[in-house]
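Structure first, commentary second.
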Amino acid sequence: MSFEQIVFYFFAAVLILAAGAVITVRSAVHAALFLVLAFFTTAALWLLLEAEFLAITLVLVYVGAVMVLFLFVVMMLDINAAPMREGFARYLPVAALVAVLTVVVMVMAVGREHFGLDQFAAPERMSADVSNTRMLGEQLYTVYLYPFEIAAVILLVAIVAAIALTLRRRPGTRYQSVEKQVRVRSEDRLKVIKMNAEERK
Amino acid sequence: MFDAIENWMQAFGWLPDGLITLLIILLKIVLLIAPLMGAVAYLTYFERKVIGYMQVRIGPNRVGVFGFRVWGLGQPLADAVKLMFKEVIIPSGANKGLFLMAPVLAMAPALAVWAVIPFGSEMVIADINASLLYVLALTSVGVYGIILAGWASNSKYPFISAMRSAAQIVSYEIAMGFALVGVILAAGSLNLGQIVAGQQGGIWQWYWLPLLPLFVIYFISGVAETNRAPFDVAEGESEIVAGFHVEYSGMPFAVFFLAEYANMILIAVLAALMFMGGWLSPFEGVPVLGDTFLAESSIVWLLAKTSMFLFLYLWFRATFPRYRYDQIMRLGWKVFIPITIVWLLVVGVLVITGTPPWFDVA
């Protein structure tokens, strides 16, 4: 086994264990942290595929921003796990059936016949000076320009919509008026009075 | 120098090539981390001294070296020894595993980032294509240490601090990212070495001038990202005691400190590399000085520029009162992000039109 394969199997094993832990650990915070570990190991696997830009972006976007907000929310929830476990045995046969079906479909869809090495040969190793980032950028901004721009606009609409949902005036809420705060000068708040010293009685 | 060591190791004959490469990389890492930790230790001393003098005090001046009281230069060593021998107290309600893992998660990214930081045109451990992106990705991971410390402590103040810091760091990352996009646009590269190379030709060629708003925003966001005054609401001594590390003692506490100061130095080095020409000399191309050693680019210039930014950190801390939390959010979202977006357009136009003196050589 070459060194690269050892690295691959190591990260793949950690990834599978972490992904399994995400759905099996009891605490929601631990589950979120295992998801972070899963993202990290995925990024490592992508690095092995020479997709360094995507790997670093995965860490930057999902680990650095999305999961931080996720943790933020999960940490504030006080989830009682006991009611969620009720009826586990009752639904187990249905769940097992669905799980088996999903696995079968997945194996049929992405199995060896469709994605095996005889269908897709392992890509050639690029030389060290090939810039993954530049190649990706050239593809995105020439061949896939319209899909890229449309995706960007859809995301922008989603952002605006999400912000618009929070814009509701609640009666009785006090708001800061930043303009007034900025315009305040020391004379408005503090008055220095000149007076003679009083004689102590 | 490393070639010589490699040849010397190969001369033994029995060392495999892979092991030699590994040993050389380890040597480079030690040569980087050891001075960095020294700098961190003496930055704490320097901070106390500088703020002391700014407030007309003397600062630490008792602990000397070998019986000589040299302006208290032994203070960081004494601090380190004291922290190492203190008991590590774990609160009974704490989540023990995460409580002990949090300082590690704060420290590991703070050190790993340094792998791609160049100190000269050849002096870098890992010269990767997308080094700036790598820096951004790893610094964004550092926040987990703070959040987990706050949560795992199972205590009120640390939890408030974790919430504050999560929101603050995610917000300022956006402004910081946009500022870096401006640099990438100007240099046409994600590699830190090439970004410095793009600033050749004296102080007026450096990116601080065409990217001035981005430069200012980058540094202020950097101060916010490292939780330093005036953005230190995560620690907020007067409000929430010490924030996320209230429950920590001994070495875990010290590790948080090391990570914070290593990050400060990192932000300062990055500011020097991206906006102040890195290791390039400010006197490049000046008629009289142009022939002397002053015009040569060297690591000395980089260290001098970094020290300048570190001094700014201390100066801010001694000067400004702490921001109110809603003001921090307003500054990040409603002031910095719009300015950076507008200036990105300006930089784009400057680059496309090849405006001299910065972008005329494509």
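Residue numbers start from 1 in every chain, and the chains themselves are labelled A, B, ... in the order their sequence lines are given, proteins ahead of strands. Only heavy atoms go into these numbers, but all of them, side chains included; no hydrogens, no water, no symmetry mates.
Summarising the local packing, OH of B:Tyr157 is surrounded by 12 or fewer heavy atoms from other residues, nucleotides or ligands at distances under 6.0 Å. Residue-environment remark: OH (A:Tyr62) stays at or below the threshold of 12 foreign heavy atoms within 6.0 Å. Summarising the local packing, CZ of A:Phe70 is surrounded by 12 or fewer heavy atoms from other residues, nucleotides or ligands at distances under 6.0 Å.
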Pairs under 3.5 angstrom only: tabulate donor-acceptor contacts from the side chains of residues 136-164 of chain A to other protein residues two or more places apart or in another chain.
residue, atom, partner, partner atom, Å
A:Thr142, OG1, A:Glu138, O, 2.4

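With a threshold of 4.5 angstrom between heavy atoms, A:Phe3 does not approach chain B through any atom at all. Of the two parts of B:Ile169, neither the backbone nor the side chain holds a non-hydrogen atom closer than 4.5 Å to a non-hydrogen atom of chain A. B:Leu190 touches chain A through its side chain: at least one heavy atom from C-beta onward sits under 4.5 Å away, while N, CA, C and O do not. A:Leu71 touches chain B through its side chain: at least one heavy atom from C-beta onward sits under 4.5 Å away, while N, CA, C and O do not. Within the 4.5 angstrom heavy-atom criterion, only side-chain atoms of A:Val29, from C-beta onward, approach chain B. Proximity to chain A is absent for every atom of B:Asn191, based on heavy atoms less than 4.5 angstrom apart. Neither the backbone nor the side chain of A:Leu58 comes within less than 4.5 Å of any heavy atom in chain B.
With contacts defined as side-chain heavy-atom distances shorter than 4.5 Å, the pair B:Asn129/A:Arg134 does not qualify. Taking the side chain as every heavy atom from C-beta outward, A:Thr133 and B:Leu133 never approach each other to under 4.5 Å.
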> What's the verdict on side chain to side chain contact (heavy atoms under 4.5 Å, CB included) for A:Val178 and B:Lys334, showing C-alpha distance, side-chain angles and the deciding distance?
Replying inline: CA-CA 12 Å; A:Val178 179; B:Lys334 295 191 175 171; over 6 Å; no
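Annotation: residues 137-152 of chain B contacts chain A through B:Ala137, B:Ser140, B:Val141, B:Val143, B:Tyr144, B:Ile147, B:Leu148, B:Trp151 [non-hydrogen atoms, separation under 4.5 Å]. Within residues 42-55 of chain A, the residues having any heavy atom closer than 4.5 Å to a heavy atom of chain B are A:Glu52, A:Phe53, listed by residue number.
Between chain A and the options B:Ile128, B:Leu136, B:Ile174, heavy-atom pairs under 4.5 Å are most frequent for B:Leu136.
Judged as a ring-ring contact (aromatic ring centres under 6.0 Å, His included), and not counting sequence neighbours, the contacts of B:Phe320 are B:Phe316.
Distance check, rounded to the nearest 0.5 Å: CZ of B:Arg324 to CD of A:Gln181 gives 4.5 Å.
For the pair A:Gly64 and B:Glu173, the tightest heavy-atom approach, listed with the atom from each and the gap, is O-OE1, 3.8 Å.
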